[in-house]
Amino acid sequence: MKIMMKSGFAIIAALTLVACSGTQEASAPTRQLTDKERFVAAIEANGCVINIATIGPIMSQASINQDQLATLTVALETDGVLAPDGTDTVRLSSNNCI
């Protein structure tokens with residue numbers, strides 16, 4: 001009886017492996033976002049503005065440091081998509097932020 005049970009488990013295990021191996025499809029490698037793309041996405045996720053309330057979450061979500069923040073802010077201003085919107089707020093203009 002033990003031998004039959006072991007054989008049964010072995011067959012089930014083999015069938016499971018075969019079934020699992022046939023369901024995996026090759027997928028294209030995921031492209032990593034640039035610092036700029038992550039920064040824009042984080043701004044969009046925080047209401048399309050950078051201010052005292054959103055700067056911490058934006059930097060955290062974009063995984064950027066203070067130096068990168070300065071560089072990216074200047075780059076987006078140069079691109080014409082980031083502009084002051086009041087005294088303490090900067091607004092992003094993008095496809096997701098109108």
Side-chain angles (χ1 to χ4, degrees):
M1 179 105 174
K2 279 187 175 182
I3 294 174
M4 284 180 43
M5 288 179 71
K6 285 184 182 180
S7 297
F9 288 132
I11 291 171
I12 291 171
L15 290 174
T16 302
L17 287 174
V18 170
C20 288
S21 66
T23 59
Q24 294 179 350
E25 293 181 22
S27 61
T30 304
R31 183 180 75 83
Q32 296 296 314
L33 297 178
T34 65
D35 291 346
K36 191 175 187 180
E37 290 168 330
R38 286 193 323 272
F39 185 50
V40 167
I43 297 168
E44 291 173 343
N46 284 276
C48 300
V49 295
I50 302 173
N51 58 32
I52 195 74
T54 62
I55 192 63
I58 288 170
M59 289 178 66
S60 177
Q61 291 167 9
S63 298
I64 60 171
N65 61 36
Q66 196 73 29
D67 293 334
Q68 291 168 305
L69 173 67
T71 301
L72 293 168
T73 301
V74 169
L76 291 175
E77 286 176 331
T78 301
D79 291 348
V81 296
L82 199 62
D85 184 30
T87 55
D88 296 328
T89 302
V90 177
R91 178 164 294 282
L92 176 71
S93 297
S94 69
N95 291 338
N96 297 320
C97 298
I98 300 171

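Positions are given from 1 along the sequence. Nothing here was measured: the structure is a model prediction, and the numbers come from that model.
Pairs engaging residues 53-98 under the disulfide bond (SG atoms under 2.5 Å apart) rule: Cys48-Cys97 [sequence neighbours left out]. Applying the disulfide bond (SG atoms under 2.5 Å apart) test to residues at least two apart or on different chains, none of the pairs has a partner in residues 63-95. Every pair passing salt bridge (charged side-chain N to carboxylate O under 4.0 Å, His left out) that includes a residue from residues 88-98 is listed here, sequence neighbours excluded: Asp85-Arg91. Among pairs with a residue in residues 73-83, those fulfilling side chain to side chain donor-acceptor pair (under 3.5 Å) read Lys36-Asp79, at least two apart in sequence or across chains.
Checking side-chain atoms of Thr54 against main-chain N and O of Asn51 turns up a donor-acceptor pair under 3.5 Å.
At least one side-chain heavy atom of Glu37 sits less than 4.5 Å from a side-chain heavy atom of Arg31.
When hydrophobic residues (I, L, V, M, F, W, Y) are linked wherever their side-chain heavy atoms come within less than 4.5 Å, the members clustered with Val40 are Phe39, Ile43, Ile50, Ile55, Ile58, Met59, Ile64, Leu69, Leu72, Leu76, Val81, Leu82, Val90, Leu92. Leu33 belongs to no hydrophobic cluster with other residues, because no ILVMFWY side-chain heavy atom falls under 4.5 Å from its own, directly or through intermediates.
Residues Ser94 and Glu44 come closest through the heavy atom pair OG-OE2, 2.7 Å. Of all the heavy atoms in Gln61 and Ala45, the pair that sits closest is OE1-CB, 3.9 Å.
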